[in-house]
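Fair warning: this is a prediction, and the values are worked out from it, not measured in the lab.
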Amino acid sequence: AKVDTDGDGLSDVDEIKKHDTSPLLADSDGDGLNDNVELLTGTNPLSAASANYAAAVQSIFVTPPTVVLTFSGVDTEVSTQLTVTGKLVDGTSLDLTNKGRGTTYSSSNLSVVSFGSQDGKVFGGQAGNAVVTIKNGNHTIPLAIKVESFNPGVQSAISIPGYANN
């Protein structure tokens, strides 16, 4: 069996003699794609600038898979963080939430669901439904998000002897 110290799918001998990559670093150039994925997609495992996430990603999924945001008079700002993960050509996974990895986000109704400066973070603006479309390369996920409004109210009262409100 060939030794693969860094677990990138390339033998240590091949990394040293054929590819000039590091047998100790799965991702020699630090771009998020392991050396084997870069070779499989025709990019340079020694140049982060050559990373081609669109070619490397076979499918994407988002968590959480369903989103309901509820705001009230007490909690007027509601948000949740989405995480986008890609399954790569070699079967490994990579976090693609960051827009720098080619992921884009759009909302069918920005009054209901909008975005902040943190990639993947969605905010509820007003009650309603919206679809957030997440894209990376040729892969698209429509994520239905429901924003609800809840107004807390007095449900009952109890008399407590000696309490000022009695």
Side-chain angles (χ1 to χ4, degrees), residues 1-70 77-125 128-148:
K2 294 185 177 185
V3 176
D4 178 12
T5 303
D6 60 12
D8 62 3
L10 300 171
S11 74
D12 290 359
V13 171
D14 285 352
E15 290 212 62
I16 294 166
K17 295 189 179 221
K18 284 185 182 178
H19 309 297
D20 201 28
T21 54
S22 172
L24 303 177
L25 297 172
D27 178 13
S28 294
D29 59 8
D31 60 8
L33 298 175
N34 74 48
D35 297 341
N36 190 36
V37 168
E38 292 216 49
L39 292 170
L40 290 171
T41 58
T43 60
N44 183 349
L46 297 173
S47 170
S50 76
N52 184 344
Y53 297 100
V57 176
Q58 283 189 326
S59 62
I60 61 173
F61 62 94
V62 64
T63 52
T66 57
V67 177
V68 177
L69 300 172
T70 305
E77 183 180 281
V78 292
S79 65
T80 194
Q81 178 67 46
L82 304 177
T83 300
V84 181
T85 304
K87 183 176 179 187
L88 306 182
V89 295
D90 70 342
T92 60
S93 296
L94 179 67
D95 185 344
L96 297 174
T97 306
N98 188 302
K99 290 179 184 176
R101 293 190 169 167
T103 302
T104 61
Y105 303 87
S106 61
S107 174
S108 64
N109 188 336
L110 288 170
S111 296
V112 176
V113 176
S114 61
F115 309 96
S117 60
Q118 184 177 339
D119 292 344
K121 191 154 191 175
V122 294
F123 292 86
N129 294 297
V131 175
V132 169
T133 302
I134 302 159
K135 292 183 181 180
N136 186 285
N138 296 322
H139 308 285
T140 302
I141 295 178
L143 178 65
I145 298 180
K146 181 177 186 174
V147 178
E148 299 175 327

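Between F123 and E77 the shortest heavy-atom distance is CE2-OE2, 3.8 Å. Residues H139 and Q58 share a closest heavy-atom pair of CE1-O, 2.7 Å. For the residue pair G137 and A54, the shortest heavy atom distance occurs at CA-CB, 3.9 Å. Here the shortest heavy-atom pairing between G120 and T97 reads CA-CG2, 4.0 Å. Of all heavy-atom pairs between S50 and S47, the closest is OG-O, 2.8 Å. Scanning both residues, V131 and P142, for their nearest heavy atoms gives CG1-CB, 3.8 Å.
Residues D95 and T83 are in side-chain contact: their nearest non-hydrogen atoms beyond the backbone lie under 4.5 Å apart. You'll find the side chain of V132 reaches within 4.5 Å of the side chain of F115, heavy atoms only. At a threshold of 4.5 Å between non-hydrogen side-chain atoms, the residues T92 and L94 do not count as touching. Put simply, the side chain of I134 reaches to within 4.5 Å of the side chain of T103, judged on heavy atoms. Looking at N136 and V84, their side chains never come closer than 4.5 Å, going by heavy atoms from C-beta outward. No side-chain heavy atom of V112 sits under 4.5 Å from any side-chain heavy atom of S107. Looking only at side-chain heavy atoms (C-beta outward), E15 and D8 come within less than 4.5 Å of each other. When side chains are defined from C-beta on, T140 counts as touching T133, because their heavy atoms get closer than 4.5 Å.
In this structure, T41 OG1 and N52 CG are separated by 6.0 Å, a value rounded to the nearest 0.5 Å. Expressed to the nearest 0.5 Å, how far CG of L88 lies from OG of S59 amounts to 9.0 Å. L143 CG to Y105 OH: the interatomic distance, rounded to the nearest 0.5 Å, is 10.5 Å. Atom CG of residue L39 and atom NZ of residue K18 lie 10.5 Å apart, to the nearest 0.5 angstrom. In this structure, the separation between CG on D119 and OG1 on T104 is 11.0 Å, given to the nearest 0.5 Å. Residue I60 holds its CD1 atom at 12.5 Å from OG of S93, rounded to the nearest 0.5 Å.
Within the structure, the side chain to side chain donor-acceptor pair (under 3.5 Å) test picks out the following pairs touching residues 25-37 (sequence neighbours left out): S28-D35, N34-D90.
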Determine, stepwise, if the pair E148 / V68 fulfils side chain to side chain contact (heavy atoms under 4.5 Å, CB included).
CA-CA 7 Å; E148 299 175 327; V68 177; 3.6 Å; yes

Criterion side chain to side chain contact (heavy atoms under 4.5 Å, CB included) on V37 and V89, from CA distance to verdict
CA-CA 7 Å; V37 168; V89 295; 4.2 Å; yes

